[in-house]
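Read the structure below first, then the notes.
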2 protein chains.
Amino acid sequence: MELDERKKIILTAIIQTYLTTGEPVGSRTISKYTDLNLSSATIRNEMSDLEEMGYIMQPHTSAGRIPSDKGYRLYVDELIRQKDQEVSDIKELMIEKTDRLEKVLKQVVKILAFNTNYATMIIGPAYHQNRLKFTQLSKVNENQILAIIVAEGNLVKNHMIELKEPIDEAELLKLNLLLNTQLNGLTIGEINLNMIQQMKQQAGIHSSVISSVVDAVAEAIQIDEEDMPFYTSGTTNIFKYPELAESSKASELIFAFEEKRELVEMLMENSLEEGRSPGADIQVYIGNESSIQTMKDCSVVTASYDLGKGMKGIIGIIGPKRMDYEKVVNNLKTLKTQLDSIFRKNGKTNT
Amino acid sequence: MELDERKKIILTAIIQTYLTTGEPVGSRTISKYTDLNLSSATIRNEMSDLEEMGYIMQPHTSAGRIPSDKGYRLYVDELIRQKDQEVSDIKELMIEKTDRLEKVLKQVVKILAFNTNYATMIIGPAYHQNRLKFTQLSKVNENQILAIIVAEGNLVKNHMIELKEPIDEAELLKLNLLLNTQLNGLTIGEINLNMIQQMKQQAGIHSSVISSVVDAVAEAIQIDEEDMPFYTSGTTNIFKYPELAESSKASELIFAFEEKRELVEMLMENSLEEGRSPGADIQVYIGNESSIQTMKDCSVVTASYDLGKGMKGIIGIIGPKRMDYEKVVNNLKTLKTQLDSIFRKNGKTNT
DNA sequence: ATTAGCACTCTGGCTTAGTGAGTGCTAATA
DNA sequence: TATTAGCACTCACTAAGCCAGAGTGCTAAT
């Protein structure tokens with residue numbers, strides 16, 4: 001059987017009404033809603049075909065139809081694309097200017113959650129390609145020194161080091177010099193064991209300090225999943241959609257948000273398999289398409305953003321399958337451009 | 001009417017059975033459960049009295065009784081106290097040793113949530129009385145310098161400062177010296193405007209840097225409510241208690257956890273009005289006793305902890321009114337002592 | 001002061017019947 | 001051949017009625 005133009009129109013109509021109502025939609029509704037001027041009986045036949053083809057389904061006999069995952073998929077892939085050009089006339093997202101990246105991220109998820117009425121999350125830039133800017137050792141007291149590590153993008157990391165041997169100012173200065181001449185401008189990939197050995201030799205009795213610093217450097221440049229900056233907002237929005245608000249489902253979802261591990265993993269997938277959806281690194285996972293079992297009744301939309309200097313992060317939106325994909329995608333697009341402009345203009349970011 | 005010994009026993013019995021079942025408890029149950037050897041009819045009379053006195057109530061005629069807020073209050077205040085000595089044989093809380101305060105806090109809430117099956121939260125130490133240890137300005141590039149501020153308890157704060165005028169190394173050294181000789185060892189209360197003016201004069205053209213640093217110092221020592229370190233765990237535990245799991249209530253509660261502002265305020269009250277409950281800075285708010293409307297169906301137990309050096313923070317547990325107060329209080333007590341021992345031993349903490 | 005006994009109340013679960021939305025099929029129509 | 005009108009049928013949802021169980025309050029007897 002072939003999916004001709006009329007069937008597409010009907011499918012679109014079904015999906016769109018279902019998006020807003022959340023109720024199964026019947027043939028009569030479509031017959032009136034569209035300007036095809038077809039009787040409900042004809043629509044019924046078409047719907048029967050569409051069901052056979054797997055685009056829609058019935059919750060039970062004698063109920064209206066609801067879109068299947070396959071139906072949604074077609075919808076987001078093909079049927080929405082035409083409107084792609086449409087100006088995204090979304091109100092300015094109003095990101096306050098601030099020099100703290102963390103605050104920006106928190107604001108972004110908050111605004112996005114507010115605008116869309118879905119649950120949102122963001123993971124902060126992973127500094128994959130990030131280069132070391134400078135390091136600084138300062139004496140705190142007799143047996144502790146503080147290592148400050150600044151990477152590109154002004155990501156700052158502090159690390160307290162316990163001393164076995166006391167150290168005087170002159171030696172500290174030497175270590176500082178050593179570290180800065182050797183390491184500055186390198187990415188984590190470029191710092192190899194050979195270099196570290198050399199530095200240790202030159203450091204002599206304080207070689208353990210070098211190890212500590214190098215460890216801290218690694219930690220600073222490459223953030224592990226555990227304390228990857230991850231913020232969420234609008235989790236309670238899921239209560240706005242009856243199909244998700246049911247106690248056990250809501251509980252699972254919110255638990256996922258609290259646990260965050262699974263979500264982070266899911267988002268990370270985005271950066272791997274780019275370019276599935278039309279443009280702009282935006283991806284849509286409908287129901288079981290996402291790798292997490294918990295999300296089988298949800299749709300997840302992810303978008304990667306790029307703050308320049310190799311700082312890439314990912315935004316995600318979680319909502320019911322019947323989410324307003326157009327709106328979400330538009331929101332994400334404008335957000336991307338806004339983030340761009342903010343960070344291209346003033347490069348200030350702390351941690 | 002007087003609350004004699006027998007009434008107390010019956011009340012205790014009612015509350016304790018209600019704690020475990022969550023169902024209204026009837027006279028027959030009590031008649032069998034206690035060893036008073038009284039018939040249900042007698043119990044009924046006593047219950048009728050207890051109701052008149054306001055300690056228990058009926059959800060509807062011909063249902064059993066449930067404790068009122070007043071009843072719970074009496075229970076936690078008086079009836080539980082006897083067991084106070086009882087060894088808290090709770091399994092060791094198993095806090096991993098780590099030098100990052102943030103991680104400890106996250107662990108604590110997690111463990112506590114797991115142990116108690118309630119929702120938990122913690123606010124990190126506010127460094128009220130905290131003294132400045134040292135500051136350090138480092139040049140990042142032509143028009144940015146990084147200020148590192150270390151306070152007692154090894155709380156580190158970074159602050160990026162934009163320069164209007166370029167600055168050379170010698171000048172930077174001078175500023176560093178100036179800041180350290182003037183400010184080190186002071187609390188925020190001791191740094192007054194007079195000192196700041198003096199320092200600005202000495203700094204000459206770079207006076208604006210001094211302002212920035214002083215601002216950052218203030219921020220470092222005195223954390224504002226906005227980015228007070230605040231962690232939660234086990235929010236989904238509320239779904240385990242039917243009286244809270246109902247969609248609208250659950251939604252409100254979880255929203256409160258996400259918003260966090262109200263919760264922080266509530267916890268802060270703890271530190272103000274100490275010593276309401278028996279020992280050890282532990283306070284119990286039953287239902288409407290707490291200042292937040294959202295919590296009217298919950299009980300909140302808060303405990304302040306002290307890591308020494310003026311670092312005080314607060315832990316909170318939120319659960320249904322029928323929470324296991326004994327267990328919770330015991331958990332909090334052991335936690336307090338454990339936190340104590342950890343931080344008294346090794347004073348390492350970063351941020 | 002306590003208890004046995006009884007009438008009464010209320011909830012929750014169950015069944016029943018009725019309604020409305022929607023379908024699928026058949027036969028008539030353009 | 002594609003469309004439509006018409007009709008029988010299905011299923012979820014709701015309201016009403018009924019019953020059992022748990023629990024109470026009261027009275028009278030111990």
Side-chain angles (χ1 to χ4, degrees), chain A residues 1-11 13-15 17-18 20-68 71 242-243 245-246, chain B residues 1-11 13-15 17-18 20-68 71 242-243 245-246:
Chain A
M1 201 167 337
E2 206 215 348
L3 190 68
D4 57 16
E5 201 49 39
R6 199 173 71 176
K7 283 193 172 54
K8 280 187 185 175
I9 294 175
I10 292 174
L11 179 57
I14 293 174
I15 293 180
T17 47
Y18 184 70
T20 60
T21 65
E23 305 269 285
V25 357
S27 54
R28 227 174 93 80
T29 316
I30 299 301
S31 151
K32 283 190 292 185
Y33 180 79
T34 61
D35 37 9
L36 289 173
N37 274 6
L38 292 174
S39 78
S40 62
T42 317
I43 303 289
R44 270 203 291 286
N45 290 328
E46 295 288 50
M47 281 166 105
S48 178
D49 292 353
L50 282 171
E51 178 160 17
E52 203 180 319
M53 289 187 266
Y55 292 112
I56 53 179
M57 53 203 246
Q58 286 180 291
H60 55 87
T61 36
S62 88
R65 305 303 211 293
I66 61 174
S68 68
E243 63 264 49
E246 184 231 329
Chain B
M1 201 167 336
E2 206 213 348
L3 190 69
D4 57 16
E5 201 50 38
R6 198 172 71 177
K7 283 194 172 55
K8 281 186 184 175
I9 294 175
I10 292 174
L11 179 58
I14 293 174
I15 293 180
T17 47
Y18 185 71
T20 60
T21 64
E23 305 270 285
V25 0
S27 53
R28 225 175 95 81
T29 316
I30 299 303
S31 152
K32 283 188 293 184
Y33 180 79
T34 62
D35 38 8
L36 289 173
N37 275 8
L38 292 175
S39 78
S40 62
T42 316
I43 303 290
R44 272 205 291 286
N45 290 328
E46 294 288 48
M47 281 166 105
S48 176
D49 291 353
L50 282 170
E51 179 159 17
E52 204 179 320
M53 289 189 268
Y55 292 112
I56 54 180
M57 53 203 245
Q58 285 180 290
H60 55 87
T61 34
S62 89
R65 304 304 211 291
I66 62 174
S68 68
E243 63 265 50
E246 184 232 327

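Numbered from 1 within each chain, the chains take letters A, B, ... in sequence-line order. Every value quoted in this text rests on a predicted model; they were computed, and no experiment measured them.
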*Is Thr42(A) near enough to dT4(D) that one of its side-chain N or O atoms lies under 4.0 angstrom from OP1 or OP2?*
yes
*For the pair made of CD in Gln58(A) and P in dG22(C), what is the distance, rounded to whole Å?*
11 Å
*Which one is paired to dT27(D), where only Watson-Crick or G-U wobble pairs with both distances under 3.5 angstrom count?*
dA4(C)
*Do Ile43(B) and Ile10(B) pass the side chain to side chain contact (heavy atoms under 4.5 Å, CB included) test, and can you show the C-alpha distance, the side-chain angles, and the key distance before you say yes or no?*
CA-CA 8 Å; Ile43(B) 303 290; Ile10(B) 292 174; 4.0 Å; yes
*Kindly indicate whether the side chain of Arg28(B) and the base of dG21(D) share any N or O donor-acceptor pair separated by less than 3.5 Å?*
no
_Using whole Å, what does the distance between atom P of nucleotide dT2(C) and atom CG of Leu36(B) come to?_
11 Å
*Taking CZ from Arg44(A) and C1' from dC7(D), how many angstroms apart are they, rounded to a whole number?*
11 Å
*Rounded to whole angstroms, how far apart are CG on Asp4(A) and P on dT1(D)?*
17 Å
*To the nearest angstrom, how far is Glu51(A) atom CD from dG22(C) atom P?*
15 Å
*Heavy-atom closest pair, residues Lys7(B) and Leu50(B)*: O-CD1, 4.0 Å
*Starting from the 5' end of DNA chain C, give me the residue, Val25(A) or Ser40(B), whose nearest nucleotide shows up first.*
Ser40(B)
*Return yes if some donor-acceptor pair links the side-chain N/O of Ser31(A) with the main-chain N/O of Ser39(A) below 3.5 Å, else return no.*
no
*Can you find a side chain N or O atom of Ser27(A) that sits less than 4.0 Å from OP1 or OP2 on dT23(C)?*
yes
*Verify the contact: side-chain N or O of Arg65(B) to OP1 or OP2 of dT24(D), cut-off strictly under 4.0 Å; return yes or no.*
yes
*asked:* Rounding to an integer number of Å, can you tell me how far Ile30(B) CD1 sits from dG23(D) C1'?
replied: 13 Å
*Any idea which heavy atoms bring Arg65(B) and Ile14(B) closest together, and the distance?*
O-CG2, 4.3 Å
*Could you please name the option among dT24(D), dG23(D), dT3(C) that lies closest to any side-chain atom of Ala41(B)?*
dT3(C)
*Which heavy atom in Pro59(A) sits nearest to a heavy atom in Gly64(A), and how many Å separate them?*
CD-O, 3.3 Å
*Rounding to a whole Å, what distance do you find between Ile43(B):CD1 and dA22(D):C1'?*
17 Å
*What integer distance in Å separates Ile66(A):CD1 from dA12(D):P?*
13 Å
_Which is more 5' along DNA chain C, the nucleotide nearest His60(B) or the one nearest Arg6(B)? Just name the residue._
Arg6(B)
*asked:* Would the base of dT10(D) count as contacting Thr61(A) through its side chain, where contact means a donor and an acceptor less than 3.5 Å apart?
replied: no
